[in-house]
Structures are given as C-alpha cells and as structure tokens.
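Let me begin by presenting the structure, written as structure tokens, before commenting on it.
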Number of protein chains: 2
Amino acid sequence: MAAQRGQRNGVGVTPPAPTAAEITTPIPRVTEVPAARERARAIPEAAVARLAVYLRVLSGMQEHGAGTVSSEELAAAAGVNSAKLRKDLSYIGSYGTRGVGYEVTVLIEEIERILGLTRKHSVAVVGIGNLGHALANYGGFPGRGFPVTALFDVDPDLVGVPVGGLPVEHIDDITRVCSEREVSIGVIATPPPAAQSVCDRLVSAGVQCILNFAPVVLQVPDHVEVRKVDLAVELQVLSFHVARRADNAAVLAEASARSANGRAVDGLVVS
Amino acid sequence: MAAQRGQRNGVGVTPPAPTAAEITTPIPRVTEVPAARERARAIPEAAVARLAVYLRVLSGMQEHGAGTVSSEELAAAAGVNSAKLRKDLSYIGSYGTRGVGYEVTVLIEEIERILGLTRKHSVAVVGIGNLGHALANYGGFPGRGFPVTALFDVDPDLVGVPVGGLPVEHIDDITRVCSEREVSIGVIATPPPAAQSVCDRLVSAGVQCILNFAPVVLQVPDHVEVRKVDLAVELQVLSFHVARRADNAAVLAEASARSANGRAVDGLVVS
DNA sequence: CTGACTTTGTGCACACGTTCACAAGCGGTA
DNA sequence: TACCGCTTGTGAACGTGTGCACAAAGTCAG
C-alpha cells in the first residue's frame with residue numbers, strides 16, 4: 001500500500017496535437033500540488049460522466065435544429081434535475097444567458113473541450129472473442145474521436161484476420177504496436193485469467209487509460225486510470241433490487257392485510 | 001412526473017427463501033413505507049455493487065481451498081480499503097469471528113442471499129446485432145443464476161435462427177414470450193432509436209429490471225429499475241482524464257519553472 | 001485461568017455530492 | 001428609460017458515503 005508510485009516510463013511524447021505545446025518538459029515529481037489539484041480536480045467525477053450524457057443529448061438537439069435550450073429542457077432530456085445540471089455546467093464555466101438559456105453549439109464546444117474530445121484518442125482492443133468482435137465492429141467507436149487502431153489476440157489463427165476492417169495482431173507485439181500507433185486507451189475484452197497480464201503489458205507499452213470488460217479487479221500503478229464494465233455486477237445489482245422489491249411487496253401485503261382487519265392506517269391506501 | 005405509480009402486475013411471488021420470517025412487523029402506510037424502506041434500503045447502492053465483487057473474489061478463494069479470510073486480505077484482493085469492506089459486510093450482518101476473520105463459505109452464502117442469487121433470474125436479450133450476439137453467446141451469462149431464456153429482434157431474417165443455442169423471436173411477441181418465460185431482467189442491445197420503444201414493451205410485459213446498452217436516456221415508470229452501460233460515456237470519461245493529465249503536466253511544468261527561479265512553491269517537491 | 005495478540009464491528013468526523021432557494025442578470029415591452 | 005418576467009449561477013443546508021481509530025470479542029499459549 002505504501003506510496004510506491006514511480007515506475008515512470010519514458011514518456012513517449014511526440015507532440016500530440018498542440019493541446020499545449022510547451023508542456024510536458026521537466027517533471028519535478030510532486031507528491032501533492034494543491035493548486036494544480038484544485039483547478040483540475042474541481043470538477044467531480046460524477047459530473048464528468050453526466051457531461052458526456054449532456055453532450056449526446058445536445059448533439060441530438062442540434063441535429064433537430066435547436067438554437068438554445070434552457071436548463072429545464074436539457075435536464076429533462078438527460079434525466080436529471082435542473083439544479084444539478086446547472087451546477088454541472090457551472091463547473092466548466094458560465095456559458096448561459098440569464099432569462100434565455102444556453103446556446104446549443106457553444107455548450108457542445110465547451111463540453112467537448114473539457115472532455116478532451118478535440119484530440120483524437122486512439123483505441124486498442126485486446127481479446128477478439130465475442131465481445132472483442134462486437135467492439136471492433138462498432139467502427140470508429142461510439143461517437144467519433146475514438147478510432148480503433150489496433151486489435152490483439154493470443155490465438156495465432158486469428159492473427160492477420162481482418163475484423164471490422166483491421167487485421168488482428170499477435171499480443172506479443174502489443175508494446176511495439178501501441179507505441180507506433182500512439183494508443184492512448186486500451187480495452188480489455190479477454191477471459192478473466194488473461195486480464196491482469198494483458199493490463200501489465202498495456203501499461204508497460206505506455207497506455208495510461210484502460211477500459212476493462214473482464215470480471216477481474218486489476219492492479220495498476222496509480223498513474224493509470226481504469227474504468228470497468230462488469231456485466232456480472234450489473235446483473236447482480238439488478239437481482240438485489242428484485243429481491244428488495246419482493247421483500248417490500250411482502251411488507252406491503254402484510255400491512256394491507258392488517259389494515260383490512262379494520263384498523264385505520266395513517267397512510268394513503270391505494271385501492 | 002407526478003407520482004403515477006401503480007401498474008401492478010400479478011406479483012409472481014413464489015416465496016424467495018425465508019429471508020427473515022418474524023421480522024417486518026408493523027408498518028402500515030402504502031405510498032411510503034419508512035421502515036421497510038429503511039431495512040431494505042439500509043444497504044447503500046455502492047455497497048451492493050461492491051458485495052458482488054467480494055462474492056466473485058470469495059468464489060475464487062474457495063476454489064483455491066481457502067477456509068477463512070481476514071478483512072485485510074479480502075479487501076486487498078477486491079481493491080478496496082479494509083474498513084470499507086468491513087462496513088459493507090456489516091450491512092448484511094455479523095458473520096465474522098474476531099481474531100480470526102470470515103469463513104469463506106458462510107460469507108458466500110450470505111452475500112448470495114442478500115443479492116437474491118438463490119433465485120434464478122431469467123434474462124431476455126433484445127437486439128441481436130454484434131453486441132446482442134456476444135451477450136447471447138456468453139451462455140448462461142456471467143456466473144450462474146442468470147439463464148438467457150429469450151432473444152428478440154425486429155429483423156424477420158433473424159427470427160428462428162439459433163444464437164447461442166436459442167432461437168431468435170420476433171420483437172412483436174415480446175409481451176407473450178416474456179410472460180410465459182417469466183423474464184425478470186431485460187437487456188437492451190438495440191440501436192439507439194429503437195431503445196425507448198423496446199423499453200416500453202418490456203415494461204408493459206411486466207419486466208421490472210432493465211440493463212441498457214443503448215446510448216439513450218430511458219424514460220421509465222419509477223417502479224422499474226434501470227442500469228445502463230454506456231461505452232461512449234466510459235470512453236469520454238477516460239478522455240477527460242487524459243486531458244486532465246496533460247493539464248496537470250503543464251501546471252507542474254510551470255511550478256517547477258517557478259521553483260527553479262529560486263522561489264519556493266507551496267507543494268512538496270521531491271527530487 | 002490469565003494474559004497477550006489478533007481481527008472484527010462501529011461511533012465519529014470528514015469529504016463529497018445533491019438539492020433548495022434566491023439574488024443577479026438579461027431580454028422584451030411600454 | 002424603467003419595469004417585468006424569465007433563467008442562470010451559486011451559497012448554504014442537507015444527506016450519503018468514506019476513512020480513522022478504538023473498544024469489544026474472540027483465539028491461543030502457557
């Protein structure tokens with residue numbers, strides 16, 4: 001658990017579109033930088049995820065020719081409450097006009113900027129089974145900006161076979177290929193036992209963001225960002241709600257039986 | 001938006017294991033059931049999701065022949081801090097032995113009970129495209145307890161074709177088939193425009209839990225539980241972190257430049 | 001039986017995220 | 001120009017979830 005950060009890799013920079021040209025240089029290695037943390041961390045993780053949703057909704061509105069939206073409209077379409085929406089938007093700046101609303105195009109631009117969508121993020125998919133196939137075939141991946149540029153698998157029979165227009169590479173070439181193609185996001189769609197090893201290889205190839213579909217808790221150095229999509233967990237959470245619902249129903253049934261017994265109850269009883 | 005609950009269906013109960021026989025007691029009140037809510041809702045959503053993870057880790061340990069685990073070990077394997085793990089487990093009861101740890105089999109049983117995994121949950125997949133194919137082929141779905149019992153699509157050419165050993169049905173039969181097979185979880189893997197309509201049909205077929213893979217915000221009555229898996233959002237959140245990292249690097253660079261200028265900075269700077 | 005050691009279960013404080021409610025600000029109108 | 005109605009942006013209250021730290025409770029050795 002003890003710190004143990006470090007493990008810097010050679011920072012394979014090569015100026016990746018002039019997001020900021022003069023950056024990157026020295027690396028003073030800082031354990032805590034309050035100010036930097038403050039400014040960038042100001043926007044909560046949960047809000048970031050919602051911004052992505054707002055962005056999608058806004059794109060839809062733009063295609064329908066909408067010029068402006070109020071927080072109320074946008075919130076309804078995104079399935080959140082309007083106060084939360086306004087607060088989320090306030091994290092990225094003040095781009096609304098009081099009494100009017102938000103200009104759709106402006107909002108889209110600003111959210112894209114904050115989410116870093118002005119830059120292309122090259123994606124590699126590892127594990128070309130059922131799921132990997134599906135992911136590779138999404139083609140360009142949901143929304144533009146995330147081109148799939150590499151596919152990997154262990155199975156020699158798969159190597160060279162084009163999937164979604166891209167030939168599968170052998171997993172042993174992962175480091176080389178990821179560097180060459182400047183992969184910034186790795187997607188793990190392998191069977192569970194292979195996941196950690198694949199993850200390690202991706203990390204040592206310089207990939208700093210990983211999307212993990214394997215039902216495994218990945219161990220990574222803390223400069224690497226992992227998000228996981230776990231089908232089993234999702235289903236089990238739903239299962240829990242089914243069970244909870246059944247319990248509640250039991251309670252309600254009993255309560256209603258009791259009230260039918262003649263005693264008045266203090267709540268509304270629906271017929 | 002206004003309340004509008006109701007829409008009860010025949011509550012296909014079949015006693016779901018005697019969770020607690022004598023409990024439950026008083027509580028009239030229908031529109032809100034404080035105590036029932038309290039007891040069942042006592043366990044936070046975030047904790048439920050983690051319990052599913054603990055369960056998986058525990059199963060792995062059981063196969064490796066472990067008899068007991070300490071909170072420390074289990075926490076490390078699950079990637080959380082041990083205090084949180086103990087608190088999560090305390091939500092479901094006290095099944096540990098001080099000075100020793102938890103008995104693996106006991107913990108597995110209890111978590112399964114809480115998550116409602118003692119009952120089978122029949123799953124229907126709607127939309128047999130790339131993703132739907134992948135989901136159908138998971139076969140039995142991650143971990144047992146979630147048998148896929150129906151597949152649906154609009155495409156007439158697909159109807160009757162077996163996928164993962166199960167023939168695809170036409171989507172118009174969704175209500176009938178879901179009722180017949182007592183589907184409790186619906187999985188939406190259709191293109192975005194179809195998602196809401198499919199969702200509505202599932203709901204009117206009595207399905208109360210939905211797992212949504214379509215990048216759409218679903219509108220459902222509030223007795224229906226929806227969880228969504230949104231690839232685009234996941235990728236965009238990762239993209240945000242890439243951007244943030246770049247920003248931080250820039251700030252660090254600036255800070256270091258300043259400190260090199262002779263002035264101390266307000267953070268700790270390690271070599 | 002006693003005492004040393006280990007690990008659970010939880011009270012408490014803190015941080016984060018959500019919601020409320022309202023002042024500030026803008027456009028339209030007379 | 002002055003007023004009115006509408007919508008944003010945000011300070012503050014609230015609730016939930018997280019992490020710390022320790023008493024309680026068990027095991028084991030002698």
Side-chain angles (χ1 to χ4, degrees), chain A residues 1-2 32 34 37-54 58 61 66-104 106-107 110-111 114 222 237 240, chain B residues 1 32 34 37-54 58 61 66-104 106-107 110-111 114 237 240:
Chain A
M1 200 68 65
E32 269 301 359
R37 194 56 162 278
E38 209 103 348
R39 254 202 323 101
R41 193 49 172 93
I43 167 169
E45 185 92 0
V48 173
R50 285 192 299 265
L51 283 172
V53 174
Y54 304 154
L58 284 165
M61 288 176 167
T68 58
V69 255
S70 69
S71 60
E72 208 72 47
E73 294 174 82
L74 185 51
V80 301
N81 115 7
S82 70
K84 191 190 292 188
L85 179 131
R86 287 199 300 276
K87 181 141 288 187
D88 286 346
L89 292 182
S90 80
Y91 291 128
I92 68 173
S94 295
Y95 301 104
T97 307
R98 293 167 191 238
V100 179
Y102 302 89
E103 203 167 328
V104 174
V106 173
L107 222 44
E110 293 302 327
I111 296 180
I114 289 289
D222 56 3
V237 171
F240 168 78
Chain B
M1 203 68 64
E32 269 298 1
R37 194 54 160 281
E38 208 109 343
R39 250 205 324 104
R41 196 47 173 95
I43 165 169
E45 185 93 0
V48 173
R50 283 191 299 265
L51 283 173
V53 175
Y54 304 154
L58 285 165
M61 288 175 167
T68 60
V69 254
S70 69
S71 60
E72 207 72 46
E73 294 174 83
L74 185 51
V80 302
N81 122 359
S82 72
K84 192 189 294 188
L85 178 131
R86 286 198 301 276
K87 182 146 291 188
D88 287 345
L89 292 183
S90 80
Y91 291 129
I92 67 174
S94 294
Y95 301 105
T97 307
R98 294 169 191 234
V100 180
Y102 301 89
E103 203 168 329
V104 174
V106 173
L107 221 44
E110 292 303 326
I111 296 179
I114 289 288
V237 171
F240 168 78

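Because the structure is predicted, anything quoted here is derived from the model rather than measured. The sequence lines fix the lettering, A, B, ..., with proteins before strands; numbering per chain opens at 1.
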For the [atom1] atom of [X] and the [atom2] atom of [Y], what is their distance to the nearest 0.5 Å?
X: A:Thr68; Y: A:Leu107; atom1: OG1; atom2: CG; value: 11.0 Å
X: A:Tyr95; Y: A:Ser90; atom1: OH; atom2: OG; value: 11.5 Å
X: A:Leu74; Y: A:Leu58; atom1: CG; atom2: CG; value: 5.0 Å
X: A:Arg50; Y: A:Leu89; atom1: CZ; atom2: CG; value: 10.5 Å
X: B:Asp88; Y: B:Ser71; atom1: CG; atom2: OG; value: 11.5 Å

Between [X] ([atom1]) and [N] ([atom2]), how many Å, whole number?
X: A:Ile43; N: D:dT10; atom1: CD1; atom2: P; result: 14 Å
X: B:Glu72; N: C:dC5; atom1: CD; atom2: C1'; result: 16 Å
X: B:Asn81; N: D:dT18; atom1: CG; atom2: P; result: 10 Å
X: A:Leu74; N: D:dG9; atom1: CG; atom2: P; result: 12 Å
X: A:Glu103; N: C:dG27; atom1: CD; atom2: P; result: 12 Å

Note to self: Looking at every heavy atom in both A:Ala66 and A:Val104, which two are closest together, and how far apart are they?
What the structure shows: O-CG2, 3.7 Å

Check: Looking at A:Tyr102, does any N or O in its side chain come under 4.0 Å of the phosphate oxygens OP1/OP2 on C:dC26?
Finding: no

Item checked: A:Ser70 side-chain proximity, nearest of C:dT8, D:dG19, D:dT8 -> D:dT8

Note to self: Which residues in residues 84-100 of chain A have a heavy atom closer than 4.0 Å to any atom of DNA chain D?
What the structure shows: A:Arg86, A:Lys87, A:Ser90, A:Ser94, A:Tyr95, A:Gly96, A:Thr97, A:Arg98, A:Gly99, A:Val100

